[in-house]
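In what follows, every chain begins at residue 1, and chains take the letters A, B, ... in the order their sequences are listed.
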Amino acid sequence: MTDLTELAKRRGFFLQTAGAYGGTAGFYTFGPQGAALKDNIENAWRDRFTVREGNMAVDAPTVLPEPVFEASGHLDTFDDMLVECPDCGESHRADHVVEDETDYEEAESLGPERVGEIIAEYEIVCPTCGAGLAGQAIEDFNLMFETNIGPGSSSPGYLRPETAQGIFVEFPQLAEYARHQLPFGVTQIGRAYRNEISPRQSLMRVREFTQAELELFIDPEEDEPDLSPVADVTAPFYSAAAQDADDGTATEMTVREAVDEGVVADPWIAYYLGVATEWYERIGVDMDRFRFRQHLAGERAHYAADCWDAESNLGDPDGEDDWHEIAGFAYRSDYDLSKHHEHSDEAYTVFKQYDEPVTVERPTVDPDMSALGPEFGGREVEGSEGSRGASGETASRAAGANDDGTVDEDGTVTVEVDGEPYDVPVSDTGFAVKEVTESGEHIVPHVVEPSLGIDRALYTVLDHSYREDEVDGEERTYLELPPEVAPTTVGVFPLMDRDGLDEEARAIAADLRERGLSVTYDDSGAIGRRYRRQDEVGTPFCVTVDYATIGEAEDPEEGEPREGDREETSTRTAAGGSRERSDPREDTVTVRERDTTAQKRVPIEELGETLEALRDGDLAFADL
RNA sequence: GCGCCGGUGGUCUAGCGGUAGGACCUGAGCCUUCCAAGCUCAUGGCCCGGGUUCAAAUCCCGGCCGGCGCACCA
């Protein structure tokens, strides 16, 4: 990890932000290599989770107004109350301490002042060392960055702690775009912010990070995934049950087995675990240092019904394991949409049409207010309210019949007004049972959410691809990045920076760039140094223009052609006078593979095509 | 946020009261016909702020940043 951080800074993958001002914890800037790598990882994610899944991508603001987070629950649950022990200095969740030591439940909702009072009243002591906590300040710690929208403080906003809310809050319109057809998926890749108490471990725990999220909206009663594309994907599953067992370990099994054996309860989650497994492998995560871990019951987020994490092992390969969460797969049920449905003015539902319209008898009320109004004035009459929205059963009880479903002999029903029972004539309530034809119902979709941390994936890929070996007795450091994500695909060098080799190499570099390949040109120093430089940033292939390329002898005994007669190099045969170096141009270059340092000669005219095939995995270097 | 340890060129490091030396990297030149070779030259540094002292990179205090442990991680 130390070596990697050093290489990351030296070679331009990532560095601490604003180091000139002392740096600031939890923020990193991606350098040229890191930015390119991150782009490539993000593009691989878009390809897999948006394009190939047929989902739609959106791009929401990072700042959202306060009501969004009131609805989502983040304002409450992100607001931790901490109390610090005056003796041993340990911080504890004040609300948890109170819940443990008293009969109070949901102490969080009592507010910090009341919790402080309770701690004093009950003389609660520090769970660690036993010192009294009375009188200690209850610190409010909100993990969201707060800001003001516009001048003044009347309109607070927060930097989103997850990209997801930007999708949920727009659900009504997104459902429109999806033509109200479930299931549909919406993806988003973007920054999220959490004011972490203690950023640690380089890129793995930062205050601003990039999330790649998919929110899949499903009808929980109808929709089921087609597991077949990933059914045979194998991954290690570390279930909650296995974690509870003393000697529990992750079990290697296919996605199909995980579902059939009930290890992963929800098939949608299982499907995305399969998709993610393939994706992580594709971008260069070592599958021997990867697993899925189910959240323990007490560990789940406030919205999650079931949750699995993807974890990568960043420990020393020969040493202790060091597992880190790099993605979460949560079955969020209808939590988020229901919340926004309640808090906002819009309906976060889709209309689900029945196969056949159903005709039901539905009790209705149509109160005769000219009769009831004068009698009951402004007081709320349950019977008249009951006609709106409530179920037929409620309406019938309230307006058409007593609780036992009967109508009194004198043709009245008993209605409660402000707790007082009144007899009201049935004729005045307008009670009737009508036949209604219903063609469907409004349902709140459930949400399945694969949420991947891009920075953590990037760091894992770097960690897992870091290699040290020896070539010709010299130590070598290289990154075994998959060609698809490597910041640079090909390095192009002239063997010597003269004799027209450089011109030839520049022309080749330009041609390759024209094809859209990511190319680095380098003519400095010795060739070996240039290879090592590219090795360190994970460039999978290097092309070298040598004397064979341009038709020079391999064994120059006489003076080399110097500046001034460069054009002669390509017309030497015709020009005569230098017949001992008159070999014809081979028009081939060497292509060197990073991982093996092996070289093959490739004709220049096939070079672009060959490199593209190598990059895309359509051609193996060994088959050249 | 607490505790322990640390912060010297881009990177790694020596110096630990008298204002800095090396290695690597980088740049220029020489040399060099495929894996960090060699030679010459050059660029570049004591985290920040106070204090003690004739004098502070060095000692003290505070801050910032980092590593590790604790807590936290919805």
Side-chain angles (χ1 to χ4, degrees), chain A residues 1-3 5-12 15-27 31 69 72-80 82-93 96 108 127-128 137 139 141-144 161-162 194-202 204-207 295 299-304 307 324-325 328 330 470-478 493-499 501 524-536 542-550 552-557 560 589-592 594 596-599 601:
Chain A
M1 197 142 175
T2 312
D3 290 345
T5 304
E6 184 265 310
L7 182 138
K9 183 170 187 184
R10 190 162 44 80
R11 288 299 187 193
L15 58 129
Q16 214 190 356
T17 298
Y21 291 91
T24 181
F27 294 93
F69 298 112
S72 71
H74 286 93
L75 216 50
D76 286 340
T77 57
F78 251 60
D79 212 5
D80 286 347
L82 297 180
V83 61
E84 192 184 314
C85 172
D87 270 17
C88 68
E90 290 219 10
S91 285
H92 302 279
R93 285 281 296 270
H96 290 178
E108 191 163 11
T128 306
E139 225 174 306
F141 193 82
N142 196 312
L143 256 41
M144 285 197 292
E162 58 173 6
R194 298 179 190 184
N195 201 0
E196 296 283 353
I197 298 173
S198 172
R200 284 285 168 86
Q201 299 245 282
S202 188
M204 296 302 288
R205 184 113 162 258
V206 290
R207 292 188 164 124
H295 276 201
E299 187 180 2
R300 286 199 288 268
H302 61 276
Y303 49 72
C307 189
H324 291 263
E325 175 192 351
E470 220 173 76
V471 175
D472 295 341
E474 297 279 354
E475 280 183 19
R476 181 173 79 123
T477 300
Y478 67 106
F493 319 135
L495 183 60
M496 293 291 141
D497 186 24
R498 64 187 191 208
D499 303 335
L501 293 174
S524 75
I527 190 74
R529 182 184 299 272
R530 286 176 261 162
Y531 285 143
R532 298 304 167 81
R533 219 178 256 149
Q534 292 307 313
D535 287 342
E536 276 201 339
C542 288
V543 165
T544 300
V545 173
D546 59 15
Y547 285 95
T549 309
I550 60 170
E552 277 291 335
E554 276 281 323
D555 182 25
E557 292 304 322
E560 287 299 300
V589 292
T590 60
V591 176
R592 170 206 187 248
R594 173 196 63 206
T596 60
T597 75
Q599 287 181 297
R601 290 207 81 87

Original post:
Between A:Gln16 and A:Glu475, who's closer to the 5' end of RNA chain B by nearest nucleotide?
Top reply: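 Looking at RNA chain B, the more 5' nearest nucleotide goes with A:Glu475.
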
Please give, in whole Å, the distance from [N] [atom2] to [X] [atom1]?
X	N	atom1	atom2	answer
A:Gln599	B:rC35	CD	P	8 Å
A:Asp472	B:rA36	CG	P	7 Å
A:Arg529	B:rC24	CZ	C1'	9 Å
A:Arg200	B:rA71	CZ	C1'	10 Å
A:His74	B:rC73	NE2	P	14 Å
A:His295	B:rC73	NE2	P	12 Å
A:Leu143	B:rA71	CG	P	17 Å
A:Gln534	B:rC25	CD	P	16 Å

Measuring only the [atom1] atom in each nucleotide, how far is [N] from [M]? A whole number of Å is fine.
N	M	atom1	result
B:rG3	B:rA56	P	30 Å
B:rG62	B:rG45	C1'	24 Å
B:rC4	B:rU40	C1'	48 Å
B:rA14	B:rA57	C1'	12 Å
B:rG21	B:rC41	P	16 Å
B:rU43	B:rG50	P	30 Å
B:rU8	B:rC48	P	11 Å
B:rC30	B:rU13	P	35 Å

Original post:
Name the one of A:Val591, A:Thr590, A:Val543, A:Val589 that satisfies side-chain contact (heavy atoms from CB on, under 4.5 Å) with A:Gln599?
Top reply: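 So the option named by the test is A:Thr590.
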
Subject >> NZ/NE/NH1/NH2 to OD/OE distance under 4.0 Å, A:Arg532 and A:Glu474 >> reply: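 Between A:Glu474 and A:Arg532 there is no salt bridge, as every charged N stays at least 4.0 Å from the carboxylate O atoms.
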
**OP:** Examine distances only and state if a side-chain atom of A:Arg11 and a backbone atom of A:Arg533 form a donor-acceptor pair shorter than 3.5 Å.
**Re:**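 Side chain of A:Arg11 to backbone of A:Arg533, a donor-acceptor pair under 3.5 Å: no, none is there.
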
Only pairs with both distances under 3.5 Å count, Watson-Crick or wobble alike; so what is the partner of [N] in this structure?
N	answer
B:rC73	none
B:rC24	B:rG10
B:rG3	B:rC68
B:rU19	none

Tell me what [X] touches on the nucleic acid: a base, only sugar-phosphate, or nothing, going by heavy atoms under 4.0 Å.
X	result
A:Thr24	sugar-phosphate
A:Arg592	base
A:Arg533	sugar-phosphate
A:Glu536	base

**OP:** Examine A:Arg592 relative to A:Tyr531 and say whether NZ or CZ is less than 6.0 Å from the centre of the six-membered ring and inside a 45° cone about the ring axis.
**Re:**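 Judged by the rule (NZ or CZ under 6.0 Å from the ring centre, within 45° of its axis), A:Arg592 counts as positioned above A:Tyr531.
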
**OP:** Check side-chain hydrogen bond (donor to acceptor under 3.5 Å, both in side chains) between A:Thr477 and all other residues, then give those that pass, not counting sequence neighbours.
**Re:**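 Not a single residue meets the side-chain hydrogen bond (donor to acceptor under 3.5 Å, both in side chains) criterion with A:Thr477.
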
**OP:** Show your working on side-chain contact (heavy atoms from CB on, under 4.5 Å) between A:Thr597 and A:Arg476 and close with a plain yes or no.
**Re:** CA-CA 11 Å; A:Thr597 75; A:Arg476 181 173 79 123; 3.5 Å; yes

